[in-house]
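Below is one structure, written out as structure tokens, with a few remarks after it.
Every chain is numbered from 1 and lettered A, B, ... according to where its sequence line falls, protein lines coming before strand lines.
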Amino acid sequence: MRRLERTLLLKNYRQLCTLSKASFSPMLDTQGSDQARLYFDGNPPSRNILSCNRMLAAHVRNDQTPIAQDLFDQMLVKDVVSWNTMLTGLQKAKNPHGVNRCFLQMRRDGFRPSEYTISTVLNAFLGTAFNVLVSQIHALVVRLALSSSVFVGSALIKGYANTGDQIALSRVFDEIPMKDVSSSNALVSSYMELGCTHEAQRVFDVMLERNIVSWTSLVSGYINNKRINKARSVFDKMRERNVVSWTVMISGYVKNQKFMDALDLFLLMLKSGALPNHFTFSSVLDACAGCSSLIMGQQVHSSILKLGTPEDVIMSTSLVDMYAKCGDIEAAFCVFGFMPRKNLVTWNSIIGGSARHGLATRALDKFERMIKCGVRPDEVTFVNVLSACGHGGMVEKGEKLFNSMKAKFGIEPNVEHYACMVDLYARAGNLEEAEKLIQWMPFQPDVVIWVALLGACGLHSSLQLGEFAAKEIEKLRNDHPAIYSTLSKIHGERGVWDSVLEFRKIMKEKHIQKQIAGSWVESQYRIR
DNA sequence: TTAGGGTTAG
């Protein structure tokens with residue numbers, strides 16, 4: 001060990017020895033983390049409640065909830081701050097069951113919940129099955145005389161919005177004696193969440209104080225209520241914008257499939273001097289994928305690297321997806337390979353990308369690796385692997401995977417999976433098996449299923465079954481372009497030119513156009 | 001020493 005390092009370590013230990021004054025937090029936030037824990041573990045007398053709480057808070061801040069939980073369990077003396085800190089850790093770890101258990105234990109042990117407790121617990125329950133407890137927690141709030149807290153009020157407003165109770169949330173807001181900008185913002189976004197855009201706008205209009213979050217809540221609310229133009233007009237009125245407000249508007253365009261508008265706005269954002277973050281990049285990459293602009297996608301990738309944007313699993317997954325959708329599957333594999341963390345969506349992106357590129361073996365290889373890595377597949381994974389088998393003509397493998405869905409992974413096949421199987425059999429020329437599957441499937445076949453069958457009939461020139469499928473499609477959706485173009489193709493192959501002319505005439509009369517197939521290379525030049 | 005309001009992927 002070098003002299004300088006020894007000196008630094010010694011300094012760290014000296015700081016730790018003055019426990020009454022020193023906080024563990026800075027040590028845990030830096031390289032001193034392990035030493036701090038070693039010292040802490042080896043010195044039981046030093047474990048007063050304040051130092052324990054500080055240690056606990058530091059672990060929670062560093063997303064080390066299991067370590068925080070160990071420490072919490074070992075603490076012989078706890079106060080309300082210890083409980084609140086532990087609850088915060090469990091909330092950050094997205095563990096509503098744990099929060100519920102911890103909260104119940106806290107009450108059993110006779111601790112009185114504070115404003116911190118209530119707001120943390122309510123936030124942990126948002127969007128989970130535990131939100132049925134919102135009104136019970138509200139009753140507790142009234143009993144504990146915590147209704148006047150703006151923190152509790154904001155959390156209750158969000159909680160009631162989550163359960164769809166508009167009357168309750170407005171009553172909670174009315175009962176806050178000293179309303180602040182955050183509780184008003186919570187009301188705006190809660191009304192927006194319930195689709196009450198007029199009420200949200202009214203609250204916003206009468207707010208005495210508005211900050212950047214108020215404006216962004218309004219923009220975001222209009223986007224979520226499919227009012228993209230209104231959102232843009234509010235966005236344009238903003239006097240100041242930050243990375244969040246820019247990202248909200250950009251992702252709003254992406255959600256509405258307005259990819260070029262999203263990219264234009266991104267360029268405006270860069271011109272304004274605002275720095276994009278991983279949220280922004282994720283949306284922008286989605287926009288590049290949406291309009292198949294590989295050049296733009298590559299430039300965005302360069303910006304991510306140039307700005308030194310910290311690695312984020314969602315942003316990197318968007319990169320993988322962008323490269324796959326823009327036709328550069330090798331770049332997608334490369335980004336995927338370098339990702340330090342991968343989740344289910346990441347694996348699904350690379351498997352789906354491989355399948356779309358006709359790389360059935362690679363898709364299945366990734367699927368095997370995903371299972372080996374301990375990631376459980378979901379419905380999307382199976383749509384991807386089954387379609388890979390379909391494009392690769394791997395009928396037996398597809399059947400095996402389809403049968404394993406329920407038996408091995410507990411996933412009930414849905415209509416999309418059946419459509420993949422129909423496509424798999426039909427493409428392989430086994431039209432009889434495809435028809436049999438349609439007859440026996442536990443759903444009413446939809447347009448996708450019949451179009452899959454019709455497409456295969458076109459591929460294998462099967463007129464009788466093709467006409468049958470076309471009739472079924474017509475029953476569900478009149479004038480589907482696939483009907484006329486496929487039947488015309490089958491008749492043409494059989495030399496029945498009168499029928500071909502008839503179909504073309506109908507298509508012309510009904511203004512039905514055959515869907516134009518385009519390559520990725522071609523699409524690069526369509527952009528700008 | 002603990003808490004609230006606006007943003008991302010298949």
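- Across all strands, L319(A) comes closer than 4.0 Å to no nucleic acid atom at all (heavy-atom distances).
- Side-chain atoms of S154(A) come within donor-acceptor range of the base of dG4(B), with a qualifying N/O pair under 3.5 Å.
- Residue-level contact check: K255(A) touches the backbone only, with heavy atoms under 4.0 Å from sugar-phosphate atoms and none from bases.
- A cation-pi contact, defined as under 6.0 Å to the ring centre and within 45° of the axis, links K230(A) to Y222(A).
- When heavy atoms are screened at a 4.0 angstrom cut-off, N384(A) is found touching no nucleic acid atom at all.
- Rounding to whole angstrom units, CG of residue N277(A) and C1' of dT8(B) are separated by 9 Å.
- For the pair S220(A) and dT7(B), the criterion of a side-chain N or O lying under 4.0 Å from OP1 or OP2 is met.
- If you check distances only, the side chain of D180(A) never reaches the base of dG5(B) with a donor-acceptor pair under 3.5 Å.
- Across all strands, V380(A) comes closer than 4.0 Å to base atoms (heavy-atom distances).
- To the nearest 0.5 Å, atom NZ of residue K78(A) and atom CG of residue L56(A) are 9.5 Å apart.
- Scanning atom types as modelled, one donor and one acceptor separated by under 3.5 angstrom connect the side chain of N343(A) and the base of dA9(B).
- Remark: the N185(A) side chain and the dG4(B) base include no donor-acceptor N/O pair separated by less than 3.5 Å.
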Point to revise | Verdict with reasoning, F235(A) to V248(A), per side-chain contact (heavy atoms from CB on, under 4.5 Å) | key: CA-CA 10 Å; F235(A) 179 82; V248(A) 165; over 6 Å; no
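- The shortest distance between the side-chain N/O atoms of K158(A) and the OP1/OP2 oxygens of dG6(B) is below 4.0 Å.
- No engagement by S184(A) is indicated, since no non-hydrogen atom pair under 4.0 Å with the nucleic acid exists.
- For the OP1/OP2 pair of dG6(B) and a distance below 4.0 Å, the side-chain nitrogens and oxygens of N224(A) include no atom meeting the criterion.
- Side chains of S51(A) and N48(A): a donor on one and an acceptor on the other come within 3.5 Å.
- To the nearest 0.5 Å, atom CG of residue D286(A) and atom CD of residue Q257(A) are 9.5 Å apart.
- Relative to the side chain of V244(A), the nucleotides dT1(B), dT7(B), dG5(B) differ in distance, and dT7(B) lies closest.
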